[in-house]
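Report on the structure given below.
Heavy atoms only: backbone and side chains are in, while hydrogens, waters and symmetry mates are out.
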Amino acid sequence: MKLLRVGPVGQERPVVMDDAGNLRDIGEPDIDGAFLASGGVARVREALERDELPVVVGEGLRVGPPIARPGKIVCIGLNYSDHAAESGADVPAEPVVFMKAANTMVGPYDEVLVPRGSVKTDWEVELAIVIGRRARYLDSREEALDAVAGYAVSNDVSEREFQLERGGQWDKGKSCETFNPLGPWLVTADEITDPQSLALRLWVNGELRQNGDTKNMIFDVAEIVRYLSQFMVLEPGDVINTGTPAGVAMGMPGQPYLRAGDVMELEIEGLGRQRQTVGQA
């Protein structure tokens, strides 16, 4: 299933897309951790199969992030060997883990703002994992995949000077407002046969910048979830950004970082497409 939330910022309503592409109102509660943990996906599937959900007129409606504000956004850095190489970094022996503020999450077509004082705002198309049940000290890959509710397209927007040249850890280059467009949909895990066989692409102003595949992850989805559960409790609704392939501005000749007026378009096979116009904070 494809779950999404439509409407103005702060007033999004949860819907599901049926096989014909119609949006169906799923009512309360919102698509959040409690919904995922309490069997909400199964209830919506059953109601959809019984044709009990009313059609929503979606034309002209803003598409928000597919889940309500997560408890945390956990990110994996340098998880594609080609991106590590373009960054001048060694391939990590263990996942590189950092956090991103939960309030960076915006809709897939919302404006992305270059922060004040920024000259190195960058793009990163990533596969996002959404956690569906509480996970701690998982013992196996099978347990890890069982904790996944679904997947979405994520743009892990980054400010490289703030991240790498201003001291401290990476978080302040990752947590600026609007720095995590998510969506358009949360695609439930049962629809993604193999999360390690998904093409990822990103364009800036119509020029292809990133063209990768999740098969090239250094640490795959199952290992990321299992590994993280050894260090933190993953809660339903938490988001995990799993890393980006090569093609970011930081690794390109001339480093063509984002400026107001630029347009980013990105997609992941089976998970939909995003489009953001860049503005100035």
Side-chain angles (χ1 to χ4, degrees), residues 33 67 69-105 122-141 143-176 179-182 195-196 198 200 210 212 214-246 248 250-251 268:
I67 60 168
R69 183 168 166 173
K72 56 184 173 289
I73 300 174
V74 188
C75 303
I76 306 299
L78 304 173
N79 197 30
Y80 289 73
S81 55
D82 56 358
H83 175 55
E86 72 174 354
S87 302
D90 294 332
V91 173
E94 294 190 36
V96 175
V97 180
F98 61 94
M99 307 292 283
K100 193 163 194 168
N103 65 354
T104 59
M105 191 176 69
D122 208 344
W123 57 81
E124 295 190 16
V125 59
E126 305 203 7
L127 173 67
I129 302 167
V130 178
I131 297 297
R133 67 171 181 85
R134 194 168 188 263
R136 58 187 292 273
Y137 297 113
L138 299 178
D139 292 323
S140 69
R141 295 170 55 84
E143 283 184 297
L145 290 176
D146 188 55
V148 175
Y151 303 94
V153 182
S154 184
N155 189 353
D156 177 22
V157 185
S158 309
E159 212 297 338
R160 302 303 188 187
E161 181 187 10
F162 298 175
Q163 177 189 357
L164 301 171
E165 301 173 34
R166 297 287 296 274
Q169 298 183 349
W170 289 7
D171 299 41
K172 65 189 176 191
K174 296 284 189 172
S175 292
C176 305
F179 264 27
N180 206 118
L182 189 74
Q196 304 310 142
L198 301 174
L200 309 86
Q210 292 184 276
T214 57
K215 68 184 178 184
N216 295 321
M217 284 184 182
I218 298 168
F219 305 102
D220 65 11
V221 166
E223 175 57 15
I224 288 169
V225 176
R226 188 207 65 80
Y227 181 88
L228 289 175
S229 77
Q230 311 305 309
F231 301 94
M232 65 185 76
V233 177
L234 299 173
E235 300 285 358
D238 284 350
V239 173
I240 304 170
N241 290 334
T242 59
T244 198
V248 299
M250 178 176 64
I268 298 179

Worked verdict on V74 versus L228 for side chain to side chain contact (heavy atoms under 4.5 Å, CB included): CA-CA 9 Å; V74 188; L228 289 175; 3.9 Å; yes

So do [Y] and [X] actually touch side chain to side chain, heavy atoms under 4.5 Å?
X    : Y    : result
W123 : D156 : no
R166 : E161 : yes
V221 : T214 : no
I268 : Y151 : no

Indicate the atoms forming the closest heavy-atom contact of [X] with [Y], along with that distance.
X    : Y    : answer
L234 : S229 : CD1-N, 4.4 Å
A102 : G71  : CB-O, 4.4 Å
S175 : A101 : OG-N, 3.0 Å
F98  : I76  : CE2-C, 4.2 Å
K100 : K174 : CE-O, 2.6 Å
P92  : I218 : CD-CD1, 4.0 Å

Do S154 and N180 have side-chain atoms, one donor and one acceptor, less than 3.5 Å apart? yes

Return yes if some donor-acceptor pair links the side-chain N/O of [X] with the main-chain N/O of [Y] below 3.5 Å, else return no.
X    : Y    : value
E223 : F219 : no
N155 : P181 : no
E126 : A128 : no
D238 : I131 : no

Apply side chain to side chain contact (heavy atoms under 4.5 Å, CB included) to the pair V225 and L145, showing each step before the final yes or no. CA-CA 8 Å; V225 176; L145 290 176; over 6 Å; no

[atom1]/[X] to [atom2]/[Y] distance, rounded to the nearest 0.5 angstrom?
X    : Y    : atom1 : atom2 : value
Y227 : M232 : OH    : CE    : 9.5 Å
D146 : R141 : CG    : CZ    : 14.0 Å
C176 : N103 : SG    : CG    : 10.5 Å
D122 : T244 : CG    : OG1   : 8.5 Å
Q196 : L127 : CD    : CG    : 7.5 Å
Q230 : Y137 : CD    : OH    : 7.5 Å

Report the C-alpha separation of V248 and R160 in whole Å, then their side-chain angles, then the decisive distance to 0.1 Å, and conclude whether the side chain to side chain contact (heavy atoms under 4.5 Å, CB included) test is met. CA-CA 11 Å; V248 299; R160 302 303 188 187; 3.9 Å; yes

Between I73 and F179, does a side chain to side chain contact (heavy atoms under 4.5 Å, CB included) hold up when you go through it step by step? CA-CA 11 Å; I73 300 174; F179 264 27; over 6 Å; no

